[in-house]
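Before any comments, here is the structure.
Treat the numbers as computed from the prediction; the structure is a model and nothing was measured.
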Amino acid sequence: MKERTKIEMKTKPLLSALLVIILLSLCFMPTALAAPEQPLLQISSVTFNPATVSPGKEFKMVVTLTNHGDYDAHNVTLDVLSQSGANDLGVFSMVGSGSHFYREEIPSGESATIEIPMVTSPNAEAKNYNLNLQINCETSGGSVYNFTETVGIVINESESMSIVAPDRFVLAKNDKGVTPINFEIANFGSNPVRGVQVSVSADGVDFSKDYQYYGTFEKDDNDDFSADVTTSQSGEFPGKISVKYMDSFNNERVIEKNITIVSEEATTQTAESGDENFFQKFLRVIFGIGA
């Protein structure tokens with residue numbers, strides 16, 4: 001009897017200690033978060049069409065709403081309120097249907113998409129903007145719930161650099177006997193660009209230079225590209241002007257323009273054709289010799 005009593009006395013403290021350990025472990029175990037007993041609408045994704053939003057261009061913001069609540073959401077509305085920090089939409093404007101959007105129902109655990117057509121101001125600065133959205137819904141019993149969301153929209157630069165050049169260059173010798181082509185490049189965008197470089201090429205045509213590096217172009221800056229052209233035969237020669245640069249988001253941009261170089265006769269130059277001496281120029285001007 002004494003042996004059994006000793007065993008029971010030892011067992012009771014062990015059971016008590018084990019019970020305390022179990023209770024403590026339950027206290028510190030993470031509990032699973034249950035879905036709220038209401039509709040809970042949140043934005044699960046935002047995409048843009050086209051993917052790049054540019055100044056002065058229309059786009060669609062595609063918002064996906066997901067109902068994480070236990071209850072179905074009825075009479076769902078989404079309102080585009082304002083640009084953060086402003087009283088209105090700022091550099092954005094709505095297109096077509098206005099700023100109020102409606103979905104009849106989003107069941108619990110399901111999603112729905114809303115397409116929001118918009119347009120940016122041509123003068124919008126390239127940077128990130130935040131838009132304030134208001135989402136409202138009801139339960140089947142008529143209880144109303146409101147949710148606020150903020151969506152970021154990055155406006156990238158449009159094609160800041162432009163090539164100001166004709167589609168066709170008809171070659172003609174100048175008074176030095178050489179045949180030049182000239183065109184202009186300009187920054188018509190709203191931001192400075194860096195590393196501007198120009199190249200020109202055409203099949204069957206040689207250029208005295210086919211590449212030039214310019215560096216930084218501030219807004220409204222422009223510059224000229226000029227090169228002398230030689231061909232061994234007459235005809236039309238397809239070509240291309242390319243401008244490469246880095247925009248203010250450090251994206252490398254390339255713009256191109258297709259051109260045609262028209263030569264009515266061979267324009268191959270001799271080595272001295274572009275470098276007249278004084279006597280040759282005198283004879284040509286006074287007597288027309290060599291003209």
Check: [Y] and [X] side chains under 4.5 Å, non-hydrogen atoms:
{"X": "V196", "Y": "V243", "answer": "yes"}
{"X": "L133", "Y": "I43", "answer": "yes"}
{"X": "V229", "Y": "D206", "answer": "no"}
{"X": "I163", "Y": "E256", "answer": "no"}
{"X": "Y214", "Y": "V193", "answer": "no"}
{"X": "F101", "Y": "V80", "answer": "yes"}
{"X": "S263", "Y": "Q233", "answer": "no"}
{"X": "S84", "Y": "T150", "answer": "yes"}

Nearest-0.5 Å distance that lies between atom [atom1] in [X] and atom [atom2] in [Y]:
{"X": "L81", "Y": "N87", "atom1": "CG", "atom2": "CG", "value": "12.0 Å"}
{"X": "D247", "Y": "N156", "atom1": "CG", "atom2": "CG", "value": "7.0 Å"}
{"X": "T66", "Y": "Q42", "atom1": "OG1", "atom2": "CD", "value": "8.5 Å"}
{"X": "S242", "Y": "Q197", "atom1": "OG", "atom2": "CD", "value": "10.0 Å"}
{"X": "I181", "Y": "I261", "atom1": "CD1", "atom2": "CD1", "value": "5.0 Å"}
{"X": "D224", "Y": "F183", "atom1": "CG", "atom2": "CZ", "value": "9.5 Å"}

Identify the two heavy atoms, one from [X] and one from [Y], that lie closest to each other, and give their separation to 0.1 Å.
{"X": "A124", "Y": "Y129", "answer": "C-OH, 4.1 Å"}
{"X": "V200", "Y": "K209", "answer": "CG1-O, 4.2 Å"}
{"X": "N187", "Y": "P192", "answer": "ND2-CA, 4.1 Å"}
{"X": "E218", "Y": "T216", "answer": "OE2-CG2, 3.9 Å"}
{"X": "N128", "Y": "N130", "answer": "ND2-OD1, 3.5 Å"}
{"X": "Y213", "Y": "G195", "answer": "OH-CA, 3.5 Å"}

Report the C-alpha separation of D210 and S199 in whole Å, then their side-chain angles, then the decisive distance to 0.1 Å, and conclude whether the side chain to side chain contact (heavy atoms under 4.5 Å, CB included) test is met. CA-CA 5 Å; D210 58 8; S199 60; 5.9 Å; no

Count the heavy atoms of every other residue, nucleotide or ligand shown that sit under 6.0 Å from NZ of K60, and state whether that count exceeds 12.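 At most 12 heavy atoms, drawn from other residues, nucleotides or ligands, come within 6.0 Å of this atom.
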
I'd like to know whether OH of Y71 has more than 12 heavy-atom contacts from other residues, nucleotides or ligands below 6.0 angstrom.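 Counting neighbours around OH of Y71, 12 or fewer heavy atoms of other residues, nucleotides or ligands fall under 6.0 Å, so no.
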
Go through T148 and N132 one step at a time and tell me if the side chain to side chain contact (heavy atoms under 4.5 Å, CB included) criterion holds. CA-CA 7 Å; T148 56; N132 299 319; over 6 Å; no

In chain order, what residues pass the side-chain contact (heavy atoms from CB on, under 4.5 Å) check against R103, with sequence neighbours excluded?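 In terms of side-chain contact (heavy atoms from CB on, under 4.5 Å), with neighbours along the sequence ignored, R103 is linked to V76, I114.
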
Are F48 and V119 joined in one hydrophobic group, where the rule is that I, L, V, M, F, W and Y side chains link up if heavy atoms are under 4.5 Å apart? no

Please say yes or no: joined through hydrophobic side-chain contacts below 4.5 Å, possibly via intermediate residues, are I135 and M94 part of one cluster? yes

Do N75 and Y102 pass the side chain to side chain contact (heavy atoms under 4.5 Å, CB included) test, and can you show the C-alpha distance, the side-chain angles, and the key distance before you say yes or no? CA-CA 7 Å; N75 297 322; Y102 175 81; 2.7 Å; yes

Please lay out, stage by stage, how T139 and Y145 fare under the test side chain to side chain contact (heavy atoms under 4.5 Å, CB included). CA-CA 8 Å; T139 63; Y145 294 90; 3.6 Å; yes

Any donor-acceptor pair under 3.5 Å linking the side chain of S160 with the backbone of G189?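 Not a single qualifying donor-acceptor pair exists.
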
Looking only at atom types and distance, does a side-chain atom of T120 sit under 3.5 Å from a main-chain N or O of G56, one as donor and one as acceptor? yes

Parallel, tilted or perpendicular: which one describes the rings of F92 and F59, with boundaries at 30° and 60°? perpendicular

Is the distance between the ring centroids of Y245 and F217 under 6.0 Å?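 Between F217 and Y245, which both carry aromatic rings, the centre distance is not below 6.0 Å.
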
Strictly by modelled atom types, are D79 and S99 linked by a side-chain donor-acceptor pair under 3.5 Å?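 Side-chain D/A pair, D79 to S99: absent.
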
Strictly by modelled atom types, are N67 and S108 linked by a side-chain donor-acceptor pair under 3.5 Å? no

